[in-house]
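Keep in mind that the numbers below use all heavy atoms, side chains included, and drop hydrogens, waters and symmetry copies. Just so you know, ligand 1 is whichever comes first in the structure, and atom 1 is the first atom listed for that ligand.
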Amino acid sequence: MKLHTAVVGLQWGDEGKGKLVDSLTKRAGVVVRYQGGPNAGHTVVVRGKKHAFHLLPSGILHRDKTCLLGDTVLVDPMLVVRELNQLRESGVKPGKLWVSKRANLIMPWHVVRDSISGWRVGTTGRGIGPTYQDATGRRGIRVGDAVDKKRLVQRIEEELEWNRILIPALMDYEKVGKKARRELMRLIEIDAKDIASEYANALRQLQKMGVELVDSWRVLSQVQEAGKRILFEGAQAALLDIVHGDYPYVTSSHPTLGGVYVGTGFRPKRLRVIGVTKAYATRVGEGPFATELDNKEGEWLRDKGNEYGTTTGRPRRCGWADLIALRYAVRVNGVDGICMTKLDVLSGLKKIRAGVGYRVGGKTLMEYGEVRMMERAKTIYRDFEGWNEDITGVRKFGDLPKKAREYVEFVEDYVGVRVRYIGVGPGREEMVGRR
Ligand code: IMP
């Protein structure tokens, strides 16, 4: 039985999972996204050309592979059409795509509701929270519902009626200004038949492009029986998990390993989990960030690491690695190996720091905690000497500067898991592998 792989984020997203997934895809038959929606942003650089996706798994760059958007992925079918077309226009023949019939559709009212109340968390504004709310509230519209146009129109009419009551009340509650209110109202006054046509047409177009609507559990079981490897590609990360992250400053899905099972209805027979972390840390949106550098050093990291959101363009908050948080994320995911990305960004720093404990109310704590505690935590740091060498050309661990190796080795000792991949530059090939 082949060994399958899950790639999960260990921080607050944007760790560079896409690049690792892209390189692991060579050995996989199928690449699966199991949660999240177009709030994600993967950037993969292939032969100097940048490809950015929000919904498609990064595996789509490989024409001989199949990608699956699983059961708890939120689908905007018009965006899938656009992303596939963009790839074709840039000369890449995309791989085959399966979309789960159980996946929920992001509808216009979800985006409107996110724009009204998402500000508290600093969401990406893509309708993620409201779509999951409706899914768990048993009023979601699934991809499988949209195939029958009559049923789709009926479901949209029902949901429009509900949202036409809900949205004005939300706008009153959040004191939305007159101009924004007019714009938002226009969006929910659209005719149900027009919305249905847009979604049904996009799905039909996808089917014409060869996209198949499937049952995830069934196709993945078949892939496993055929002896092919499956690669699960997490979006967002452990500390943004709706249960295990910094609630309420989280996304509404399960980026942690449990999301793989719920999001596909399939339990891989053999699975290794690779967790991805940057050599430092970033966060977008609100929420605690104990090792944040709200100063010149943080700006330096942002500039050197080009830390701006792929989805929203927002500048990312930057700081040192928080090894307590990392160890927590490693445990929550049962991580077998770590991929540490962007080590090259730290080149040129005299001193590098990493969080190794917290002081809270006069006590020293060595475990990650809930938001109320993390908001009060003062970080205890360990200092490392930096290195000056350009490491982007390095491909073997032994060829890294000694100080860089010491930093990596400290991290793996601290979290108790080996660092198996190290990113030394943005390109697909700029990676150090380790047994
Ligand atoms: P939502 O997922 O749009 O609801 O946003 C909830 C929180 O997750 C916000 O803090 C976002 O900034 C954050 N978030 C969502 N997706 C990503 C991502 O792909 N990278 C980093 N942060 C994300």
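- Listed by chain and number, the residues in a side-chain hydrogen bond (donor to acceptor under 3.5 Å, both in side chains) with Arg314 are Thr312 (sequence neighbours excluded).
- One side chain, Ser216 or Asp71, offers a donor N or O that lies under 3.5 Å from an acceptor on the other.
- Listed by chain and residue number, Glu307 satisfy the side-chain hydrogen bond (donor to acceptor under 3.5 Å, both in side chains) test with Tyr280 (two or more places apart in sequence, or in another chain).
- Judged as a side-chain hydrogen bond (donor to acceptor under 3.5 Å, both in side chains), and not counting sequence neighbours, Thr264 has no contacts.
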From CA spacing to verdict: salt bridge (charged side-chain N to carboxylate O under 4.0 Å, His left out), Arg151, Asp145: CA-CA 7 Å; Arg151 172 154 173 75; Asp145 297 326; 3.6 Å; yes
For a distance cut-off of 3.5 Å, show me each N or O of ligand 1 paired with any protein N or O, plus the separation.
{"from": "ligand 1", "atom 1": "2 (O)", "to": "Asn39", "atom 2": "ND2", "distance (Å)": "2.8"}
{"from": "ligand 1", "atom 1": "2 (O)", "to": "Thr251", "atom 2": "OG1", "distance (Å)": "2.6"}
{"from": "ligand 1", "atom 1": "3 (O)", "to": "Thr124", "atom 2": "N", "distance (Å)": "2.8"}
{"from": "ligand 1", "atom 1": "3 (O)", "to": "Thr124", "atom 2": "OG1", "distance (Å)": "2.6"}
{"from": "ligand 1", "atom 1": "10 (O)", "to": "Val284", "atom 2": "O", "distance (Å)": "3.3"}
{"from": "ligand 1", "atom 1": "12 (O)", "to": "Gly122", "atom 2": "O", "distance (Å)": "3.4"}
{"from": "ligand 1", "atom 1": "12 (O)", "to": "Val284", "atom 2": "O", "distance (Å)": "3.2"}
{"from": "ligand 1", "atom 1": "12 (O)", "to": "Arg314", "atom 2": "NH2", "distance (Å)": "3.0"}
{"from": "ligand 1", "atom 1": "16 (N)", "to": "Asn39", "atom 2": "O", "distance (Å)": "3.4"}
{"from": "ligand 1", "atom 1": "16 (N)", "to": "Gln236", "atom 2": "NE2", "distance (Å)": "3.2"}
{"from": "ligand 1", "atom 1": "19 (O)", "to": "Asn39", "atom 2": "O", "distance (Å)": "3.3"}
{"from": "ligand 1", "atom 1": "20 (N)", "to": "Asp14", "atom 2": "OD1", "distance (Å)": "3.0"}
{"from": "ligand 1", "atom 1": "20 (N)", "to": "Asp14", "atom 2": "OD2", "distance (Å)": "3.3"}

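- Glu412 pairs in a salt bridge (charged side-chain N to carboxylate O under 4.0 Å, His left out) with only one of the listed residues (Arg420, Arg434, Arg327), which is Arg434.
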